[in-house]
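Data block below; observations after.
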Amino acid sequence: MAETPPRALTIAGSDSGGAAGLEADLRAMTACGVHGCVAVTAVTVQNSLGVSGVHLVPPDVVAAQVRTVVGDIGVGAAKTGMLATAEIISAVADVVDEVGIGRDTGVPFVVDPVAASMYGEPLLADDAMDAIRTRLFPRAALVTPNLDEVRLLCGITVRDRESAGKAADALHDLGARWALVKGGHLHGSPEVTDLLSDGERTWEFSGPRIDTPHVHGAGDALASATCAGLARGLEMPDAVAFAERYIRRAVAESYPLGAGTGPVSPFWTLADWDEP
Ligand SMILES: Nc1ncnc2c1ncn2[C@@H]1O[C@H](COP(=O)(O)OP(=O)(O)OP(=O)(O)O)[C@@H](O)[C@H]1O
Ligand SMILES: Cc1ncc(CO)c(N)n1
């Protein structure tokens, strides 16, 4: 019998196409050697072409999932994905306080402020980004917005390194301990650069832009791999470096699926990482 591995929790929506959402989260956690637990917030009707339906889970049921997982299994870190409504966000803020998940607890909280699918369908109610900003940012060890989410959160349009730095500072000022500004949407540059900051120091994670359209779930996988790194006991910059290494290979090995956009690949594991 093997030992119990590190555990992490994702509070997220389901993608029936299995590319993004909690399905992507669990796969990334598994690939990173971590047992993933789930608090489901919503069921989406989704495939490689888009989202055609959303069915919400009641906020008290979301909170009960968090409570019951943490009370029995215990987790070393947690993350959020699709939270859908201000009511679910409020329930999540209350329950993470109750169970000791948070910015300055021993169980780091990664907030991925998912606003829309990659096709542009909303995954968050219009009034709910404000709830993420006010209720979740002050509890977050790390926030991981893409450039559209940065604009919604702090009104900054990121075009280059300088504006990315300003955005990271603004996100930090909203209460997050660390901010990772993801540059995947800055098309036109041959490099993809993600900028991590704690308001004083910055780390840049750069690599060549990989020529693939199949990046469905890339953001979910990056936040989940970071959460897995934290659950494995890494400090923040190391956990992000670990996740950046994971996502670059996952993007390089992405594959087509259906008639639309395919996912980043989870079909390799930690055991492969040290291959030449
Ligand atoms: N073409 C690419 N080449 C290399 N890395 C990429 C590419 N696309 C995405 N990435 C990596 O994946 C990360 C997440 O992508 P992105 O910035 O698009 O986030 P996202 O919009 O939240 O993702 P999604 O909504 O598709 O799950 C990027 O920060 C980057 O590290
Ligand atoms: C359920 C769900 N969560 C997150 C995303 C964003 O990647 C998506 N497309 N679907």
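Small disclaimer: the values here were computed from a predicted structure and weren't measured. In this chain, residues are counted from 1 in sequence order.
Counting only heavy atoms from C-beta outward, the side chains of H214 and L257 never approach each other to under 4.5 Å. A 4.5 Å side-chain heavy-atom check between L142 and L196 finds at least one atom pair inside the cut-off. Two residues are said to be in side-chain contact when any heavy atoms from C-beta on lie closer than 4.5 Å; D194 and I247 fail this criterion. Looking at V57 and T41, their side chains never come closer than 4.5 Å, going by heavy atoms from C-beta outward. In this structure the side chain of D15 never reaches within 4.5 angstrom of the side chain of D220, judged on heavy atoms. At a threshold of 4.5 Å between non-hydrogen side-chain atoms, the residues P190 and R209 do not count as touching. The shortest distance between side-chain heavy atoms of M82 and V54 falls below 4.5 Å. In this structure, V75 and V69 have side chains that are in contact, with non-hydrogen atoms separated by less than 4.5 Å.
For S197, the side-chain contact (heavy atoms from CB on, under 4.5 Å) partners at least two apart in sequence or on another chain are A168, D169, T202. Take Y255 and apply the side-chain hydrogen bond (donor to acceptor under 3.5 Å, both in side chains) test, not counting sequence neighbours, and it matches no residue. Residues meeting the side-chain contact (heavy atoms from CB on, under 4.5 Å) test with A8, sequence neighbours left out: M29, V34, C227, A231. Partners of E162 by side-chain contact (heavy atoms from CB on, under 4.5 Å), not counting sequence neighbours, listed by chain and number: D160, K166. For F242, the ring pair (Phe, Tyr, Trp, His ring centres under 6.0 Å) partners at least two apart in sequence or on another chain are W273. Evaluation of the side-chain contact (heavy atoms from CB on, under 4.5 Å) rule for A223 yields K79, V110, D112, T144 as partners, not counting sequence neighbours.
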**side chain to side chain contact (heavy atoms under 4.5 Å, CB included) assessment of H185 paired with V150** = CA-CA 11 Å; H185 290 206; V150 166; over 6 Å; no

**Request:** Test L124 against V114 for side chain to side chain contact (heavy atoms under 4.5 Å, CB included), laying out the working first.
**Result:** CA-CA 7 Å; L124 190 66; V114 172; over 6 Å; no

**Request:** Kindly determine whether F109 and R177 satisfy side chain to side chain contact (heavy atoms under 4.5 Å, CB included), including the steps that lead there.
**Result:** CA-CA 10 Å; F109 190 35; R177 183 141 180 226; over 6 Å; no

**Request:** Decide side chain to side chain contact (heavy atoms under 4.5 Å, CB included) for V92 and V96; before the verdict, give the C-alpha distance in whole Å, the side-chain angles of both, and the deciding distance to 0.1 Å.
**Result:** CA-CA 6 Å; V92 168; V96 296; 4.2 Å; yes

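A distance of 12.0 Å separates CG in D60 from CG in D94, rounded to the nearest 0.5 Å. To the nearest 0.5 Å, atom OG1 of residue T44 and atom NE2 of residue H55 are 12.0 Å apart. Residue L136 holds its CG atom at 11.5 Å from CZ of R133, rounded to the nearest 0.5 Å. Distance check: E244 CD to L222 CG gives 5.0 Å after rounding to the nearest 0.5 Å. Atom CZ of residue F137 and atom CG of residue D173 lie 11.5 Å apart, to the nearest 0.5 angstrom. Atom CG of L186 sits about 8.0 Å away from atom OG of S163, to the nearest 0.5 Å.
Put simply, V51 and L22 are part of two different groups of oily side chains (I, L, V, M, F, W, Y) that touch within less than 4.5 Å, one to the next. Cluster membership check: L147 does not share its hydrophobic cluster with M118, using side-chain heavy-atom separations under 4.5 Å among Ile, Leu, Val, Met, Phe, Trp and Tyr. Cluster membership check: V61 shares its hydrophobic cluster with I11, using side-chain heavy-atom separations under 4.5 Å among Ile, Leu, Val, Met, Phe, Trp and Tyr. A single hydrophobic cluster is seen to contain both I88 and V38, as judged by linkage of ILVMFWY side chains at heavy-atom distances under 4.5 Å, directly or through other members. The hydrophobic clustering, which links ILVMFWY residues whose side-chain heavy atoms are closer than 4.5 Å, places L83 and L153 together.
R201 places no side-chain N or O within 3.5 Å of a backbone atom of G199 that could act as its donor or acceptor partner. The backbone N or O of V43 sits nowhere less than 3.5 Å from a side-chain atom of S14 that would complete a donor-acceptor pair. Put simply, the side chain of Q65 gets close to the backbone of V40: a donor and an acceptor are under 3.5 Å apart. In this structure, T30 contributes its side chain and L26 its backbone to a donor-acceptor pair below 3.5 Å. Distance alone, capped at 3.5 Å, is enough to place a donor-acceptor pair between the T134 side chain and the D130 backbone.
Scanning both residues, F205 and P237, for their nearest heavy atoms gives CZ-O, 4.1 Å. S254 and T212 make their closest contact through OG-OG1, 2.9 Å (heavy atoms, listed as atom of the first residue, atom of the second, distance). Contact detail for A179 and L171: the closest heavy-atom pair is CB-CB, 3.8 Å. When every heavy atom of S224 is checked against every heavy atom of A28, the shortest pair comes out as CB-CB, 3.9 Å. Across L9 and A39, no two heavy atoms sit closer than the pair CD1-N, 3.7 Å. Listed here is the closest heavy atom pair of A239 and G229: CB-C, 4.1 Å.
Only one option out of R139, R135, R103 pairs with D97 in a salt bridge (charged side-chain N to carboxylate O under 4.0 Å, His left out); it is R139.
A 6.0 Å sphere centred on CZ of R159 holds no more than 12 heavy atoms belonging to other residues, nucleotides or ligands. Heavy-atom neighbours of D127 CG from other residues, nucleotides or ligands within 6.0 Å: above the threshold of 12.
Counted by atom type alone, R161 and T193 present zero donor-acceptor pairs between their side chains at under 3.5 Å.
Between Y119 and H216, the ring planes are perpendicular. Angles over 60° get that label, and only those under 30° would be called parallel.
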